[in-house]
Amino acid sequence: MLLMIFLPVFSFVNIDIKGLKDSYRTNEEITFSATISGFARQCADTQVSVVGVSRPDFKHEVYYETPVCGADIRMFFMYDIPRDERQFSLSLDQTGTYKVMITHKGLIDGVTSSSEKEFTVIE
């Protein structure tokens, strides 16, 4: 019996933001996490930010992961962030529209993927 395994021709990365609600009250705890998966080289920066859509001057860096570069081969992968805790947690004291932005940038093959999700903070 001949077993054939087909690998993707191109690298790809998917980011799935989980647990973020559509709206929160001021000072309410905002929690979320994400799953990053794909087929690429395991050498990438991962950055998570919350930015103000209605407040362009607002940007909060939630998480930044510097890469640990392994073998220079493409492989399937999947992991959750944050890695050391169950979820990201923050609160905002001003009303407005915000968005979570997650970027995964490959340092060897240049494969960059991002995902974002908006939410509002109300009184």
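Nothing fancy with the numbering, it's 1 onward along the sequence. What you see is a predicted model; the values in this text were computed from it and never measured.
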Inset, instruction - Decide if atom NZ of Lys117 counts as having more than 12 heavy atoms of other residues, nucleotides or ligands within a radius under 6.0 Å. - result: yes
Inset, instruction - Measure across Phe76 and Phe39 and return the closest heavy-atom pair with its distance rounded to 0.1 Å. - result: N-CD1, 3.6 Å
Inset, instruction - Only one of Ile17, Val62, Ile30 passes side-chain contact (heavy atoms from CB on, under 4.5 Å) with Val100; say which it is. - result: Ile17
Inset, instruction - To the nearest 0.5 Å, tell me how far Ile122 CD1 sits from Arg25 CZ. - result: 4.5 Å
Inset, instruction - Would you check if Asn27 and Asp93 make a side-chain contact, meaning some heavy-atom pair closer than 4.5 Å? - result: yes
Legend entry - Set of salt bridge (charged side-chain N to carboxylate O under 4.0 Å, His left out) partners for Asp45, sequence neighbours left out: none
Legend entry - Heavy-atom closest contact (Glu28 atom, Ser91 atom, distance): O-CB, 3.4 Å
Inset, instruction - Could you pull out the closest heavy-atom pair between Ser11 and Arg74, with the gap in Å? - result: OG-CD, 3.0 Å
Inset, instruction - Using distance alone, with no hydrogens and no angle criterion, decide if Glu29 and Ser89 have a side-chain donor and acceptor under 3.5 Å apart. - result: yes
Legend entry - Side-chain heavy atoms of Ile102 within contact of Glu116, under 4.5 Å: no
Inset, instruction - Can you see which heavy atom on Tyr24 is nearest to which on Thr31, and at what distance? - result: OH-O, 3.9 Å
Inset, instruction - Group every Ile, Leu, Val, Met, Phe, Trp and Tyr by side-chain heavy-atom contacts under 4.5 Å, then state whether Met101 and Leu90 land in the same group. - result: no
Inset, instruction - Write down the atom of Thr95, the atom of Glu123, and the distance for their closest heavy-atom approach. - result: CG2-N, 3.5 Å
Inset, instruction - Just jot down the ring-ring contact (aromatic ring centres under 6.0 Å, His included) partners of Phe88, sequence neighbours excluded, or say none. - result: Phe32, Tyr63
Atom pairs and distances, donor-acceptor, side-chain atoms in residues 48-56, under 3.5 Å, two or more places apart:
residue : atom : partner : partner atom : Å
Ser49   : OG   : Glu61   : OE1          : 3.1
Ser54   : OG   : Thr97   : N            : 2.9
Arg55   : NE   : Gln94   : OE1          : 3.3
Arg55   : NH1  : Tyr98   : OH           : 2.8

Inset, instruction - State, yes or no, whether a side-chain contact exists between Asp80 and Ser33 at a heavy-atom distance under 4.5 Å. - result: no
Legend entry - From Glu65 atom CD to Ile36 atom CD1, the distance as rounded to the nearest 0.5 Å: 7.5 Å
Inset, instruction - Looking only at non-hydrogen atoms, find the nearest pair between Ile15 and Ser113 and report the distance. - result: CD1-O, 3.5 Å
